[in-house]
Amino acid sequence: MTGLGGGATVPGVPELPEVEVTRRRVAPLLVDREIATVETTKPSGFFLTPPATLRRRLVGRRVTELGRHGKYLIGGLDDGSRLLLHLGMTGQLVSASARSPRLFRVSDRHPMATDPWRFAGDRHTHLRLGFRDLGEEVWFRDPRRFGRVEWLAPGAVSPRLAKLGLDALVVDPAAFCAVIQRRRAPLKALLLDQSLLAGVGNIYADEALFRARLHPLRSGTQLSHPAALALLASIQGILLEAIDRGGTSISDFVAPDGTDGGFSANLRVYQRAGMPCLICGTVLMRIVVRGRSTHFCPRCQR
DNA sequence: CCTTGCCTGAGG
DNA sequence: CCTCAGGCAAGG
């Protein structure tokens with residue numbers, strides 16, 4: 001998923017599609033199962049809820065559902081409490097058993113597919129959930145620990161969730177236009193703002209702006225209604241495409257043969273600065289907006 | 001240095 | 001309320 005390629009340059013940051021693909025793959029393992037064991041690493045910023053508390057609250061609970069809002073996974077438990085998971089930059093959920101640890105991967109060509117053992121039981125696995133009557137466990141690995149785990153009491157309001165805007169796949173066109181067209185900030189900044197629209201990260205923001213032919217520094221207020229509608233269509237289109245592909249952007253590895261596993265073939269501007277635009281041949285540019293790398297075609301995107 | 005999310009402080 | 005710079009966390 002990330003940092004595994006040793007020299008790969010495409011960051012495999014989980015955004016909405018990767019989180020949704022993870023949700024779909026993990027849900028069958030969790031839902032309607034009773035949590036029997038909870039193992040963690042020592043307390044750290046990764047645990048918004050201390051490991052000991054987590055253990056006490058989760059053991060014996062049955063998982064009723066696994067939902068998603070933006071980049072957050074939300075596990076529902078049978079006592080009305082919830083378990084919040086955020087994959088951060090390098091988080092991944094792994095299905096594992098003593099017999100055959102297996103990674104929830106996004107590509108059959110991923111090196112993890114042929115070498116799953118390298119991920120078994122290493123020091124980066126911070127949360128392990130075991131279930132009654134099920135050999136397989138669900139592991140949360142996260143080498144950089146930008147990910148987060150939080151237990152929410154029944155009825156508790158999570159400030160993190162409360163701040164989120166509508167999910168990028170759920171928001172309707174009118175609501176999107178209303179929120180984006182009255183903001184003066186650059187479109188790139190607006191798309192990254194999780195309180196406006198939840199789920200879009202750096203990669204898909206750049207790709208969506210390119211497909212909508214909009215300059216990342218354009219102000220939201222400068223968007224016509226049709227342009228705003230087109231932008232939302234681009235965003236949702238690329239997110240759905242990515243989900244269909246299995247969340248390709250989750251990979252940032254270099255395959256044994258030196259290729260990148262096909263990931264960058266799906267990217268038209270992200271990390272392609274200095275290369276020719278696939279549409280017009282103009283050299284693609286990289287600028288920094290809000291401290292984030294931003295890639296675009298100066299000719300196609302106005 | 002690079003990434004995300006969160007926070008605070010400085011300004012409009 | 002809105003915008004934006006800067007810092008933090010973490011590791012390769």
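Computed from a predicted structure; not experimentally measured. Throughout, protein chains are lettered first and strands after them, A, B, ... in sequence-line order, and every chain is numbered starting at 1.
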Exercise. If you find the nucleotide of DNA chain C closest to A:Arg292 and the one closest to A:Gly45, which residue's nucleotide is nearer the 5' end?
Worked result: A:Arg292
Exercise. Within the structure, does a side-chain N or O atom of A:Arg182 lie under 4.0 Å from either OP1 or OP2 of C:dC2?
Worked result: yes
Seminar exercise, completed: A:Arg290 atom CZ is separated from B:dT4 atom P, nearest whole Å, by 13 Å
Exercise. Taking atom P of B:dC6 as reference, at what distance in whole Å does atom CZ of A:Arg160 sit?
Worked result: 5 Å
Exercise. So, is A:Ser293 near the phosphate of B:dT3, with a side-chain N or O under 4.0 Å from OP1 or OP2?
Worked result: yes
Exercise. Nearest-Å distance, CZ (A:Arg145) to P (C:dC8)?
Worked result: 18 Å
Problem set entry | Face-to-face contact A:Phe146 to B:dG5 six-ring, under 5.5 Å, under 30° | no
Exercise. Do A:Arg211 and A:Glu241 meet the salt-bridge criterion of a basic N to acidic O distance under 4.0 Å?
Worked result: yes
For this session: Please determine, for the side chain of A:Arg144, which listed nucleotide (B:dC2, B:dG5, C:dA9) has the closest atom?
Result: B:dC2
Exercise. According to a strict under-4.0 Å criterion, is A:Lys71 in side-chain N/O contact with OP1 or OP2 of B:dC6?
Worked result: no
Exercise. Can you check the A:Phe46 CZ to C:dA10 C1' distance for me, whole Å?
Worked result: 12 Å
For this session: Classify the nucleic acid contact of A:Pro159 as base, sugar-phosphate or nothing, counting any heavy atom under 4.0 Å across all strands shown.
Result: nothing
Exercise. Taking CZ from A:Arg286 and C1' from B:dT3, how many angstroms apart are they, rounded to a whole number?
Worked result: 12 Å
Problem set entry | Separation of A:Gln301 CD from A:Cys277 SG (nearest 0.5 Å) | 8.0 Å
Seminar exercise, completed: Rounded to whole Å, CZ of A:Arg148 lies from C1' of B:dT3 at a distance of 13 Å
Exercise. Between A:Arg68 and A:Glu20, is there a salt bridge with N-O shorter than 4.0 Å?
Worked result: yes
For this session: With heavy atoms under 4.0 Å as the rule, sort A:Ser44 into base, sugar-phosphate or nothing.
Result: nothing
For this session: With heavy atoms under 4.0 Å as the rule, sort A:Asn202 into base, sugar-phosphate or nothing.
Result: sugar-phosphate
Exercise. Between A:His295 and A:Asp206, do the side chains contain an N or O donor and an N or O acceptor separated by less than 3.5 Å?
Worked result: yes
For this session: Return the value, rounded to whole Å, for the distance between atom CG of A:Leu84 and atom P of B:dT4.
Result: 19 Å
Exercise. What's the CG-P distance between A:Asp193 and B:dC7, to the nearest Å?
Worked result: 13 Å
Problem set entry | Distance below 4.0 Å between A:His86 side-chain N/O and B:dT4 OP1 or OP2 | no
Exercise. Taking the six-membered ring where the residue is Trp, are the ring centres of A:Phe46 and A:Phe146 under 6.0 Å apart?
Worked result: no
